[in-house]
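Structure first, commentary second.
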Amino acid sequence: MEYNHRVIEQRWQQYWKDNATYHTVIDNSRPKYYVLDMFPYPSGAGLHVGHPLGYIASDIYSRYKRLQGFNVLHPMGYDAYGLPAEQYAIQTGQHPEITTRQNIARYRSQLDKIGFCYDWDREVRTCDPRYYHWTQWAFKRMFDSWYDNTADKARPIADLESYLAEHGTEGLNAAATKKLNISAQEWNDMDPKAKSDTLMNYRLAFLANTMVNWCPKLGTVLANDEVSEGLSIRGGYPVEQRLMYQWCLRVSAYADRLLRGLDRLDWSDSLKETQRNWIGRSEGAQLNFHVADTDIDMTIFTTRADTVFGVTFMVLAPESKYVDMITTPDHRAEVDEYVAATRRKTERERMIDKKVSGVFTGAYAINPLSGKRIPIWVSDYVLAGYGTGAIMAVPAHDSRDWAFARHFDLPIIPLIEGADVSEASFDAKEGIMINSEGPELNLNGLTVKDAIARTKEFIKEKGIGDVKVNYRLRDAIFSRQRYWGEPFPVYYKDGIPTMLDDRDLPLLLPEVDKYLPTEDGQPPLGRAKNWTTPEGYPLELNTMPGFAGSSAYYLRYMDPHNDEALVSTEANNYWRQVDLYIGGTEHATGHLIYSRFWNKFLYDLGLVVEDEPFRRLVNQGMIQGRSNFVYRIKDTNTFVSHELKKDYDTTPIHVDINLVSNDILDKEAFRQWRPEFNTAEFITADDGIYRCGYAVEKMSKSMFNVVNPDDIVEKYGADTLRLYEMFLGPLQQSKPWDTNGIDGVNRFLKKLWGLFYKGDTFLPDNSEPSREALRSLHRLIKKVTADIENFSYNTSVAAFMICVNELSAMKCHSSEVLSQLLILLAPFAPHITEQLWHDLGNENTICDATWPVADDKYLVEDSVNYAVSFNGKARFNIQVSPDTPSDEVQARALADPAAARWLEGKTVVKVIVVPRKIVNIVIK
RNA sequence: GCCCGAAUGGUGGAAUGGUAGACACGAGGGACUUAAAAUCCCUUGGCCAUUACCGGCUGUGUGGGUUCGAGUCCCACUUCGGGUACCA
């Protein structure tokens with residue numbers, strides 16, 4: 001019988017489906033293990049070979065854990081809300097739900113062909129009302145919560161209301177948009193609208209006027225992680241800053257816990273570092289500068305409290321509220337113009353344009369330590385969103401301040417001994433302070449570190465400032481002016497935002513005639529008919545962003561059909577958290593922050609039992625495309641082979657990689673590829689071979705370098721695809737897809753088959769396995785077990801190849817050895833192993849087998865190879881038995897005939913014996 | 001600028017501080033075949049040596065260091081990836 005992957009794979013996929021082999025239920029008699037993939041957005045392009053990389057890795061781990069006796073939860077679903085379906089809907093009028101459903105069907109059929117062990121009964125889709133019910137429900141809970149900094153957790157908003165009624169804001173330590181000062185009396189006298197506005201300052205889901213990233217082209221706001229370098233991640237359109245009234249999540253309240261929580265997670269250091277940077281904790285001081293001739297105090301944030309004596313001017317962000325308050329009449333026009341000009345620029349323009357610009361406000365501040373009058377300027381190099389939107393400028397020790405001072409000819413006072421600030425600022429936080437003596441404080445002679453500490457102490461004592469920790473992490477903007485997302489469970493009662501009752505959830509996404517904003521600029525939901533509560537109150541027109549649905553999906557998999565709760569206590573107590581999460585690094589600052597926030601919030605409310613959602617996380621690398629190029633001589637239809645192109649003036653053109661094999665172009669196929677190439681001529685070397693150039697790029701249709709897994713499965717089979725993707729290189733590493741090596745893996749499977757079948761003869765028998773065969777097997781068990789734990793799947797595959805080669809060479813037909821080999825290979829290549837397992841006469845599926853344990857007695861070597869070196873150089877080998885004592889090894893090494901040659905006329909200084917490794921003889 | 005990570009044959013990549021280059025691809029040679037495909041065997045870092053078997057030198061981006069011994073550890077640098085940024 002020949003190895004026929006088509007028949008085998010189809011047969012067992014059907015069998016697993018019919019027998020619900022991978023259906024998972026709570027089983028208290030077995031330990032659980034939860035393996036999760038980052039669920040995909042079902043795009044119209046379908047899967048390419050890069051997508052399954054992580055899925056294969058997690059599938060291997062799931063099957064491995066299952067064989068080890070764990071009750072493994074391994075689900076899959078779809079992150080189904082998103083922009084592409086909506087953009088497509090705008091162009092075609094096709095409802096995004098239809099597109100999404102089609103794309104999901106395509107994804108599913110592609111995934112099924114690869115033979116994953118998902119429990120599809122647990123599938124979730126974020127756009128399914130039975131799913132987004134719980135997204136809305138969680139949002140409602142956030143609206144009804146505030147963050148108590150003292151208890152360091154979220155608490156019900158009702159607690160805050162009673163506190164305010166009794167104490168006002170006196171002694172309140174809450175995460176807030178801005179610090180309020182309200183007495184109990186004032187609170188109690190407020191009308192409902194004023195109370196609502198006040199509570200918005202504390203709610204974890206709140207409405208606020210904030211600077212948002214507005215993307216005009218997409219017609220919506222975007223969160224910080226959805227913007228990179230001033231362009232939207234989706235589409236790459238320019239983004240500008242705009243003040244808008246938006247729903248936000250108070251993620252910043254959790255900044256410190258998100259940071260501290262990282263220490264307990266088994267994630268890669270680089271990913272944790274990325275999150276640390278994104279959270280951006282910085283310790284410093286807040287300090288008040290009095291504005292001369294007014295009663296205004298301006299608060300600034302600095303990490304360099306030691307440099308206050310070097311402050312020669314102050315700078316406000318153009319958006320700062322202080323600008324309006326302090327600008328003097330004679331500078332008003334100039335300042336207004338500058339502020340307006342800044343506002344006109346997009347974020348990107350502001351970033352690109354690094355020219356120094358700014359205007360003087362006419363106002364002066366008093367340096368609180370030196371008492372000097374210093375001018376206050378406005379400049380766009382100060383950001384409104386960080387700190388207080390105002391800075392004290394220390395040109396001697398900050399390069400941005402230095403550039404500004406130089407440009408506007410402002411004084412520069414060096415504060416650190418030996419620092420030359422005539423050509424550049426001295427930014428390092430080290431040295432001895434000078435020029436830092438005021439009426440009440442003298443820092444001269446202190447180190448920078450001590451000076452910072454001393455100044456912080458001083459400003460605290462004097463009440464002119466406070467020690468303060470600042471975070472870069474912003475609150476998440478949660479409104480999107482789009483159609484294809486979760487509707488907010490919110491209506492407006494007399495202008496007061498109010499939550500729908502739990503009974504009225506889910507609030508279904510309404511139908512609209514078009515997926516565009518309304519004529520008067522409302523979001524698409526403005527087009528929905530009767531978009532009100534039964535009482536006639538208007539419903540919220542925004543929808544939630546993509547990360548809303550993906551923030552708690554791992555919880556829903558635990559109990560996906562529950563209509564009473566997001567997850568039952570029973571299911572949550574059993575499955576607890578994700579033990580292994582596999583996905584790309586691109587979610588480091590988005591999904592992985594939001595999920596942790598969301599989970600911590602639910603934890604605070606006692607709704608889930610674990611504080612962190614993902615215990616262990618592995619990032620798979622990206623599989624890039626390998627594009628091929630042909631080189632057309634300018635203004636002709638003649639193409640020149642890669643090695644000759646330097647002699648011509650050519651334009652590189654992407655060529656479909658399906659027309660190329662090992663970088664050699666199929667010229668005839670190329671001519672037929674596109675009409676304009678029908679008459680193509682080729683210039684090649686004498687061998688007549690046209691060689692293409694190549695480049696590693698993103699896998700995409702436009703570069704004609706997409707490899708569809710379906711084609712690989714059709715030609716080689718899913719088992720080959722799975723093994724090959726793992727064999728390609730370390731899982732965590734990005735690498736280009738290269739189909740060239742796939743034959744080797746396919747050959748390996750054929751060899752494996754050859755251990756069982758020769759023609760129609762079934763070879764396995766009950767013969768006693770040889771010691772060599774057992775050693776080969778147990779070496780494999782040891783290697784593969786260790787490799788799977790470390791995700792070194794590429795070396796596992798190599799180990800399988802070696803073992804199969806060895807077993808073939810020794811013609812091992814022992815079914816005892818062969819069945820163990822199959823169990824080891826089953827996670828990697830489930831179909832062929834299932835078939836052969838069945839052929840060995842097993843009734844159960846191979847998933848019910850038990851993972852073998854390596855027995856050291858087979859691993860003991862007959863002899864140990866010691867390398868003998870002299871002064872660490874030339875070497876020869878001696879063979880001794882494994883239990884030979886070192887003394888004897890040493891004696892044997894010195895007595896060896898080969899040693900005589902080296903030792904002639906030399907003195908042995910010492911001999912070093914490293915157990916089982918080397919004997920080094922130091923000679924003189 | 002800052003923070004990570006990487007650099008090993010023609011290629012993808014292996015190597016708890018202990019015989020560098022596992023495994024695979026590609027390439028070259030051979031067997032089988034009328035031929036091709038498939039399959040199998042041999043060779044394959046570079047240089048040198050050779051009548052065969054033995055062999056010699058050199059070699060993991062560069063320069064130093066630690067060590068009996070360094071691809072691996074330390075310092076400095078170069079290049080390439082990734083993340084992030086007027087974050088005060």
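By convention in this document, chain letters (A, B, ...) are assigned in the order of the sequence lines, proteins followed by strands, and residues within each chain are numbered from 1. All of these numbers come straight from a predicted model, not from anything done at the bench.
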Tell me: [atom1] of [X] to [atom2] of [N], nearest whole Å?
X      : N      : atom1 : atom2 : result
A/M622 : B/rA6  : CE    : P     : 18 Å
A/K715 : B/rA38 : NZ    : P     : 10 Å
A/L473 : B/rA85 : CG    : C1'   : 16 Å
A/R276 : B/rA85 : CZ    : P     : 18 Å
A/N805 : B/rC41 : CG    : C1'   : 13 Å
A/Q275 : B/rU84 : CD    : P     : 12 Å
A/D787 : B/rA14 : CG    : C1'   : 11 Å
A/I279 : B/rC3  : CD1   : P     : 19 Å

If you check the [X] side chain, which of [options] turns out closest?
X      : options                : result
A/Y381 : B/rC86, B/rC40, B/rC23 : B/rC86
A/D380 : B/rC86, B/rA24, B/rA88 : B/rC86
A/N740 : B/rC86, B/rC23, B/rC25 : B/rC25

Nearest-Å distance once atom [atom1] is located in both [N] and [M]:
N      : M      : atom1 : result
B/rC3  : B/rU11 : C1'   : 32 Å
B/rA20 : B/rC4  : P     : 33 Å
B/rU60 : B/rA52 : C1'   : 33 Å
B/rG29 : B/rA37 : P     : 14 Å
B/rG21 : B/rA15 : C1'   : 9 Å
B/rG12 : B/rG63 : C1'   : 30 Å
B/rC68 : B/rC2  : P     : 37 Å
B/rU44 : B/rC23 : C1'   : 15 Å

Any side-chain heavy-atom pair from A/D466 and A/I459 closer than 4.5 angstrom?
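In short, these two side chains do not touch, never coming nearer than 4.5 Å.
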
With rounding to the nearest 0.5 angstrom, report the [atom1] to [atom2] distance, [X] to [Y].
X      : Y      : atom1 : atom2 : result
A/K735 : A/M622 : NZ    : CE    : 11.5 Å
A/I742 : A/N740 : CD1   : CG    : 10.0 Å
A/R281 : A/R276 : CZ    : CZ    : 12.0 Å

A/Y757/A/Y3 aromatic ring centres below 6.0 Å:
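Here the rings of A/Y3 and A/Y757 have centres that are no less than 6.0 Å from each other.
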
Within a 6.0 Å radius of atom CD on A/E283, are there more than 12 heavy atoms belonging to other residues, nucleotides or ligands?
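It does not: A/E283 CD has 12 such atoms or fewer within range.
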
With A/R474 via salt bridge (Lys or Arg N to Asp or Glu O under 4.0 Å) - residues at least two apart
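With sequence neighbours excluded, A/R474 shows a salt bridge (Lys or Arg N to Asp or Glu O under 4.0 Å) to no residue whatsoever.
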
Mind checking salt bridge (Lys or Arg N to Asp or Glu O under 4.0 Å) for A/R406 and listing every partner two or more places apart, or none if nothing turns up?
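A/R406 satisfies salt bridge (Lys or Arg N to Asp or Glu O under 4.0 Å) with no other residue.
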
Sub-3.5 Å donor-acceptor pair from the side chain of A/Y338 to the main-chain atoms of A/D380, do we have one?
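Between the backbone of A/D380 and the side chain of A/Y338 there is a qualifying donor-acceptor contact (under 3.5 Å).
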
Can you tell me if [X] touches the phosphate of [N], counting only side-chain N or O atoms and a distance under 4.0 Å to OP1 or OP2?
X      : N      : result
A/R747 : B/rC25 : yes
A/N746 : B/rU39 : no
A/S282 : B/rA88 : yes

Anything under 3.5 Å between a protein N or O and an N or O of nucleotides 11-13 of chain B, put it in a table, one pair a line.
residue	atom	partner	partner atom	Å
B/rG12	O2'	A/L728	O	2.7
B/rG13	OP1	A/Q733	NE2	2.6
B/rG13	O3'	A/N794	ND2	3.4

Which is it for B/rG65, anti or syn, if anything within 90° of zero counts as syn?
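Anti, angle beyond 90° from zero.
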
Comparing A/N277 and A/I391 on RNA chain B - which has the more 5′ nearest nucleotide:
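The residue whose closest nucleotide sits nearer the 5' end is A/N277.
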
When you match A/S270 and A/I742 each to their closest nucleotide on RNA chain B, which lands nearer the 5' end?
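Its nearest nucleotide lies further toward 5', so the answer is A/S270.
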
Under 4.0 Å, counting only non-hydrogen atoms across every strand here, what does A/K272 touch: a base, just sugar-phosphate, or nothing?
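Touches nothing.
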
Who passes side chain to side chain donor-acceptor pair (under 3.5 Å) against A/T312, sequence neighbours left out?
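A/T312: no side chain to side chain donor-acceptor pair (under 3.5 Å) contacts found.
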
List for me each residue that meets side chain to side chain donor-acceptor pair (under 3.5 Å) alongside A/Y594, sequence neighbours excluded, and say none if there are none.
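Scan of A/Y594 (side chain to side chain donor-acceptor pair (under 3.5 Å), adjacent residues dropped) gives A/D225.
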
For Watson-Crick and G-U wobble pairs within 3.5 Å on both distances, what is RNA chain B written in dot-bracket notation, | included for inter-strand pairing?
(((((((..(((.....[....)))((((((.......))))))((((......))))..(((((..]....))))))))))))....

